[in-house]
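Reviewing the structure listed below.
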Amino acid sequence: MAPMSKQPVLTPQSEDFPRWYQDVIAKAELAENGPVRGTMTIRPWGYAIWERIQADLDSRIKETGHENAYFPLFIPMPFFEREADHVEGFSPELAVVTHGGGAELGEPVAVRPTSETVIGDCMSRWIQSHRDLPLLLNQWANVVRWELRPRLFLRTSEFLWQEGHTAHASREEAVEETLRMHRVYYDLMHDTLAMNPVLGRKTAAERFAGAELTYTLEGLMRDGKALQMGTSHYLGQNFARAFDITFSDTDGQLAHCHTTSWGVSTRVVGSLIMTHGDDRGLRLPPRVAPVQAVVIAIRDEVAADARELHAELEAAGVRSRLDDDTHTGFGRRATDWEIKGVPVRLELGPRDVEQAAVTVVRRDTGEKASHPRSGIGAAVVRLLDDVQASLLAETTARRDAETRDGDGPDAVLDGGADGFTRIAWSSLGEAGEATIAEAGYTVRCLVSPDGGVPGADTPDDGLVAYVARAY
RNA sequence: CGGGACGUGGCGCAGCUUGGUUAGCGCGCAGCGUUCGGGACGCUGAGGUCGCGGGUUCAAAUCCCGCCGUCCCGACCA
């Protein structure tokens, strides 16, 4: 057998990365374009991945004391106009419904691009006293932002996400919440998705419309471009003033709340593809893989053994799938599961059965080995942990190798470099930020010199800018 | 909205310049058989208002006009 040596099914990454991305999405059956430009049909395999992310993040959100709720899709237009920066930021991508019930509406309604406003409106009624605080809410929803240049998962006019919205008595508490959720996102990405994003604070230019502070998680994709994978905002009292979210404090004084919002969307599926994928397809970290191990029965006569093996894996706690579709050639099936990114493949043929063994292939390295049939469950569990760890190690090493230091705008203008360039903010500034923008570079975030996340009161001066081209 | 391209079975394309039999090809799909340890092969078969509307003509996928849609490049974005 000639291992791993077939014609590429996908466009190689080095040849045309965007094309590779599209190929993987199509061939792994993750998603496709919807009939309306910018919309996305998420296919079962893609949705299963999202559901794993969702389940993981949902439990983290609940563990930190938040409750899920659901707010309306339609929002009165005037709501947006109450917060000046917010309207300005979102009006270009707002979808507005002008007709309903066969007639023109007296008041057009917006389709939510985000829910600060409708939720703010509720908060103003739900909060009366400091005893009602903090109010910790989250919703899972779809939102619509009319996009001019859509890309599956990365930028679609409609996408799925989770948006947390909280209200607090003090700035200190709200900031703490903002940073807490920023950290929760990091845990999700690092521990579950095997990604190692750079954590930092957005510059004024990149801040969320209506926020005082925006914290971000910036991943580095395999083509050297950065991707914002999640954000957490301290909204100050901006929305509290706009929506009259007030409470009586312990002294009986009426005060405005401090609010936060934070979100992670189906975009992370795109980042998963571009962080771990290789020329053979997707490589899913075991913890998000809908199927962690696939048992391929090579020939009909081993179908019963394969079924047993599959049951054994399930008993060991592995999300296993049996592929006994021997009608389709072995090679075809092996490649299909590879493209779909299943972390471990167990091939069972007559030779294996004869030797009371099973051929085990790990997706990340392509390594193929024969393993005794006994004790296979525990061995696969160990192997999955290994794959999880090595994907994280690989992407971390890649990020570090593609991060360099520079000084001033010229650091990127001269080099035209991929990856991150670390530049002291003091040598860049808002003028430098504008200059590099013309060459397609942006300050992804500001980080403390020691690599930590800058606190809310840490001034920009003295921080280090991570600069990159971004999606 | 500015610049460029393209709409032909599910997908990818050819045919159009020079109008003329039954609109082809690859992949995919269905049935049968041979295969099966890295995207197998053979045979048979299904599937098309040639984006839409109008015009020219004996005759339009092909020429003309209009419309619609899509994709790529620029200004915004989880």
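Within every chain, numbering begins at 1; the chains are lettered A, B, ... in the order of the sequence lines, protein sequences first and strands thereafter.
Below the 3.5 angstrom threshold, one finds no donor paired with an acceptor across the side chain of A/Lys368 and the base of B/G37.
Across all strands shown, B/C13 forms a Watson-Crick or G-U wobble pair with B/G24, both key distances being under 3.5 Å. In a base pair of the Watson-Crick type (N1 to N3 plus N6-O4 or O6-N4) or a G-U wobble (N1-O2 and O6-N3), with each distance short of 3.5 Å, B/C71 is matched with B/G4. Pairing of B/A78, defined by two Watson-Crick or G-U wobble distances under 3.5 Å, is not identified with any nucleotide.
For the pair A/Asn33 CG and B/C11 C1', the interatomic distance rounds to 14 Å; values are reported in whole Å. Following rounding to the nearest Å, A/Lys27 (NZ) and B/C27 (C1') show an atom-to-atom distance of 10 Å. Separating the CZ atom of A/Arg19 from the P atom of B/C71 is a distance of 15 Å, rounded to the nearest angstrom. Going from atom CD1 of A/Ile339 over to atom P of B/G38 covers 16 Å, rounded to whole Å.
Taking atom C1' on both B/G10 and B/G28, the two are 7 Å apart, rounded to the nearest angstrom. Remark: the separation of the C1' atoms in B/A61 and B/G19 is 10 Å, to the nearest Å. Spacing between B/G45 and B/G9 at atom C1', rounded to whole Å, works out to 14 Å. The C1' atoms of B/U70 and B/G37 are separated by 44 Å, rounded to the nearest whole Å. B/A60 and B/G54 have their P atoms separated by 13 Å, given to the nearest Å.
Residue pairs meeting the ring pair (Phe, Tyr, Trp, His ring centres under 6.0 Å) criterion with at least one member in residues 321-352 of chain A: none, sequence neighbours excluded.
Remark: A/Arg363 does not engage A/Glu338 in a salt bridge, criterion side-chain N to carboxylate O under 4.0 Å. Ion pairing between a basic and an acidic side chain is recognised when a charged N comes within 4.0 Å of a carboxylate O; A/Arg373 and A/Glu312 show such pairing. The existence of a salt bridge linking A/Arg222 and A/Glu394 is confirmed by a sub-4.0 Å separation between a basic side-chain nitrogen and an acidic carboxylate oxygen.
Cation-pi check for A/Arg469 over A/Tyr441 is met; the charged atom lies under 6.0 angstrom from the ring centroid and within 45 degrees of its normal. Cation-pi geometry between A/Arg82 and A/Phe79 is met: under 6.0 angstrom from the ring centre, within 45 degrees of the axis.
Remark: aromatic rings of A/Phe71 and A/His165 are distant, center separation not under 6.0 Å.
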Enumerate all atom pairs, one protein N or O and one N or O from nucleotides 29-36 of chain B, separated by less than 3.5 Å.
unit_1	atom_1	unit_2	atom_2	d
B/C36	O2	A/Thr326	O	3.3

Would you tabulate the nitrogen or oxygen pairs shorter than 3.5 Å linking the protein to nucleotides 73-78 of chain B?
unit_1	atom_1	unit_2	atom_2	d
B/C73	OP1	A/Arg149	NH2	3.4
B/C73	OP2	A/Arg149	NH1	2.6
B/C73	OP2	A/Arg149	NH2	2.3
B/C77	O2	A/Arg155	NE	2.6
B/C77	N3	A/Arg155	NE	2.9
B/A78	O3'	A/Gln228	NE2	2.3
B/A78	N6	A/Thr156	N	2.8
B/A78	N6	A/Thr156	O	3.1
B/A78	N3	A/Ser265	OG	2.8

### Query
Does the pair A/Thr192 and A/Arg60 meet the rule for a side chain to side chain donor-acceptor pair (under 3.5 Å), with working shown?
CA-CA 11 Å; A/Thr192 303; A/Arg60 293 179 195 271; 3.1 Å; yes
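Base contact: A/Pro350 has a heavy atom under 4.0 Å from a base atom.
Taking the six-membered ring where the residue is Trp, A/His86 and A/Phe239 present perpendicular rings, their angle passing 60° and hence far from 30°.
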